[in-house]
Amino acid sequence: MKVSIVGAGYVGLVTAACFAEFGHEVLCVEKIPAKLAMLRRGEVPIYEPGLDELVRKHQASGRLRFASEVREGVAHAEVIFLCVGTPQSDDGSADLSQIEGAAREIAQSMSSPKTIVEKSTVPVNTNEWIRKTVHRYKKSGARVRVCSNPEFLREGSALEDFMNPDRIIVGVEGDEDRATFRELYGPLLANGREIIFTNPAEAELIKHAANSFLAMKISYANMLADLCSKTNASVKNVVRGIGLDNRIGTQFLNAGIGYGGSCFPKDVKAFIRIAEEHGADFALLREVEAINGKQRNRFCELVEEVLWINKDKRIAVWGLAFKPNTDDIRESPAIEVVRFLKESGARLTLVDPKAAENFQQLFPESDQVRYTNDAYASARDADALILLTEWEEFRRIDLARLRAEMALPILLDGRNMFDRREVEAAGFEYYGMGT
Ligand code: UDX
């Protein structure tokens with residue numbers, strides 16, 4: 001089947017490469033010339049495990065091609081996925097100008113029937129605006145339908161998530177669309193996955209509702225962590241105790257410095273705003289957001305309680321990405337923690353397997369801020385070690401060797417990654433978040 005994808009960002013590129021892997025002929029439209037040139041050379045501008053191999057594989061197979069103009073995408077396929085950015089405006093609402101722009105361009109160049117599919121996260125009822133826009137600007141009488149197929153992939157495991165989704169949600173206008181999506185996702189259906197068909201508005205809502213719910217689980221765990229830190233309880237044991245109830249589930253209950261990234265902070269804010277616009281007060285989500293904000297401060301307070309004075313203390317900081325297996329630092333809690341440490345006069349050595357380069361744009365090397373690739377070297381003569389992202393390489397660290405590098409064996413764990421007993425047995429003073 002022929003498919004066009006508008007926007008070669010995170011979601012667009014993963015979708016394009018995976019559809020090519022399914023056997024479809026994919027044309028991916030990217031407007032930014034530098035990005036397009038990179039992609040045509042087989043270079044992937046983001047770090048995502050396996051993505052560059054898959055992109056190169058299907059450039060070679062001829063099933064994945066790149067173009068600069070939406071009209072080329074329109075000419076290529078009947079089904080066109082919109083994967084353009086929907087950045088956040090100051091008031092929390094989504095800026096939908098790229099969606100509107102793409103819809104207008106499709107309308108102006110279409111001369112045969114088209115099915116436009118929203119994949120970017122958009123507020124409920126955006127499908128109606130797309131439909132209206134295309135009808136206003138189209139020059140031919142060809143029919144257009146608008147569907148919604150939200151994406152639930154996580155950075156760091158995006159290909160795996162695409163290929164093994166818990167569910168595929170598709171908001172459709174009618175039976176013809178159902179057939180289109182059954183063909184599109186054929187290989188997954190053959191593996192026993194199911195498509196849940198809804199109407200487009202429901203599909204749009206499902207995306208915001210799912211992400212907000214997951215963020216709510218994290219904030220719930222973080223509130224428990226706060227309570228545990230004041231009692232003789234470890235939040236790790238408490239969340240295990242509740243998570244094993246199948247109705248609750250063990251995932252997304254890890255307490256720590258809170259959620260970051262390009263989705264949860266933005267989607268929670270957007271959902272509060274969407275509810276407000278429809279006259280519903282989602283106070284619960286405002287609290288989710290507030291708790292998340294407080295976690296970073298709680299961690300900074302913990303550092304101060306332990307170190308007393310940060311000035312001139314040598315601190316190794318492990319982890320800068322908003323989560324492991326990504327180079328993404330958008331809304332990373334590490335930004336606020338490092339800013340606080342720097343402003344309070346500490347001398348920092350920062351390590352991150354993938355995100356250091358991006359972090360240097362915000363915190364360039366200076367007297368106070370140094371970067372290294374070597375976790376042990378970062379801890380040399382350090383007064384404390386602070387863990388902010390639970391990368392696997394940090395988990396596998398040799399504690400005895402680490403202890404020998406450090407001036408003082410103080411370990412502050414913003415992700416509750418270490419096992420208290422294990423690190424204490426290795427001679428560390430250990431401080432976690434409610435554990
Ligand atoms: C999320 C959703 O999971 C995904 O379905 C959606 O499509 C996009 O948004 P992502 O932002 O890539 O994916 O990361 P995710 O793994 O969900 O983690 C988000 C943040 O929550 C990270 O900062 C992570 O550290 C934090 N987190 C996650 C916790 O603090 N505790 C947890 O238990 C889980």
Side-chain angles (χ1 to χ4, degrees), residues 9-12 14-15 46-49 51 83 86 88 118-122 149-162 164-169 203-204 206-225 235-236 238-240 242-243 248-271 288-289 291-296 298-299 319-337 352 354-355 387-392 394 413-417 432-435:
Y10 204 87
V11 169
V14 172
T15 306
I46 45 171
Y47 171 72
E48 178 63 35
L51 184 58
C83 300
T86 53
Q88 191 145 47
E118 306 164 339
K119 202 137 190 77
S120 315
T121 305
V122 292
N149 173 211
E151 189 46 68
F152 299 99
L153 51 85
R154 291 161 299 175
E155 291 187 23
S157 56
L159 299 187
E160 168 70 18
D161 290 346
F162 197 98
N164 296 298
D166 286 344
R167 78 294 199 200
I168 303 160
I169 304 287
E204 289 165 338
I206 286 169
K207 172 71 197 221
H208 273 116
N211 274 357
S212 298
F213 192 87
L214 291 169
M216 181 180 78
K217 279 187 92 174
I218 299 171
S219 281
Y220 189 84
N222 281 331
M223 207 52 232
L224 288 177
V235 70
K236 280 191 186 176
V238 174
V239 297
R240 190 174 138 74
I242 62 169
I248 296 175
T250 50
Q251 294 187 53
F252 281 72
L253 284 176
N254 294 333
I257 44 179
Y259 60 77
S262 61
C263 289
F264 284 179
K266 175 177 161 224
D267 290 356
V268 171
K269 218 181 252 325
F271 208 27
V288 166
E289 213 181 16
I291 294 169
N292 195 54
K294 275 186 211 147
Q295 284 312 103
R296 297 149 200 224
R298 283 198 182 112
F299 187 71
L320 306 168
F322 82 96
K323 68 174 210 174
N325 299 323
T326 176
D327 63 354
D328 198 340
I329 60 163
R330 282 176 288 177
E331 302 275 337
S332 174
I335 296 171
E336 271 158 80
V337 176
D352 189 287
K354 294 287 175 207
L387 181 108
L388 300 179
T389 317
E390 66 281 35
W391 283 91
E392 199 46 42
F394 300 150
D413 184 353
R415 295 290 185 175
N416 291 347
M417 180 189 86
M433 300 285 281
T435 186

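Counting convention: from 1, in listed order, for ligands and their atoms alike. Just so we're clear, the structure is a prediction, and the values are computed from it rather than from any experiment.
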Check whether any side-chain heavy atom of I335 lies under 4.5 Å from a side-chain heavy atom of R296, and answer yes or no.
-> no
Partner residues of S212 under the side-chain hydrogen bond (donor to acceptor under 3.5 Å, both in side chains) criterion, sequence neighbours left out | none
Enter the distance from D327:CG to L320:CG here, rounded to the nearest 0.5 Å.
-> 11.5 Å
In a table with atom names and distances, give each donor-acceptor pair under 3.5 Å that connects a side chain of residues 251-264 to protein atoms at least two apart or in another chain.
{"residue": "S262", "atom": "OG", "partner": "E155", "partner atom": "OE2", "Å": "3.4"}

Listed partners of K323 passing side-chain hydrogen bond (donor to acceptor under 3.5 Å, both in side chains), at least two apart = none
For I291 and N222, the nearest pair of non-hydrogen atoms, with its separation, is CG2-CB, 4.1 Å
Are there any protein N or O atoms under 3.5 Å from the N or O atoms of ligand 1? List them with distances, or say none.
{"residue": "ligand 1", "atom": "5 (O)", "partner": "F152", "partner atom": "O", "Å": "2.6"}
{"residue": "ligand 1", "atom": "7 (O)", "partner": "E151", "partner atom": "O", "Å": "3.4"}
{"residue": "ligand 1", "atom": "7 (O)", "partner": "F152", "partner atom": "O", "Å": "3.4"}
{"residue": "ligand 1", "atom": "7 (O)", "partner": "L153", "partner atom": "N", "Å": "3.4"}
{"residue": "ligand 1", "atom": "7 (O)", "partner": "L153", "partner atom": "O", "Å": "2.9"}
{"residue": "ligand 1", "atom": "7 (O)", "partner": "K207", "partner atom": "NZ", "Å": "3.2"}
{"residue": "ligand 1", "atom": "12 (O)", "partner": "E155", "partner atom": "N", "Å": "2.7"}
{"residue": "ligand 1", "atom": "12 (O)", "partner": "K323", "partner atom": "NZ", "Å": "3.3"}
{"residue": "ligand 1", "atom": "14 (O)", "partner": "K323", "partner atom": "NZ", "Å": "3.1"}
{"residue": "ligand 1", "atom": "16 (O)", "partner": "K323", "partner atom": "NZ", "Å": "2.9"}
{"residue": "ligand 1", "atom": "23 (O)", "partner": "G260", "partner atom": "N", "Å": "2.9"}
{"residue": "ligand 1", "atom": "23 (O)", "partner": "F322", "partner atom": "O", "Å": "2.8"}
{"residue": "ligand 1", "atom": "25 (O)", "partner": "F322", "partner atom": "O", "Å": "3.4"}
{"residue": "ligand 1", "atom": "25 (O)", "partner": "R415", "partner atom": "NH1", "Å": "3.0"}
{"residue": "ligand 1", "atom": "31 (N)", "partner": "N254", "partner atom": "O", "Å": "3.0"}
{"residue": "ligand 1", "atom": "33 (O)", "partner": "L253", "partner atom": "N", "Å": "3.2"}
{"residue": "ligand 1", "atom": "33 (O)", "partner": "N254", "partner atom": "N", "Å": "2.8"}

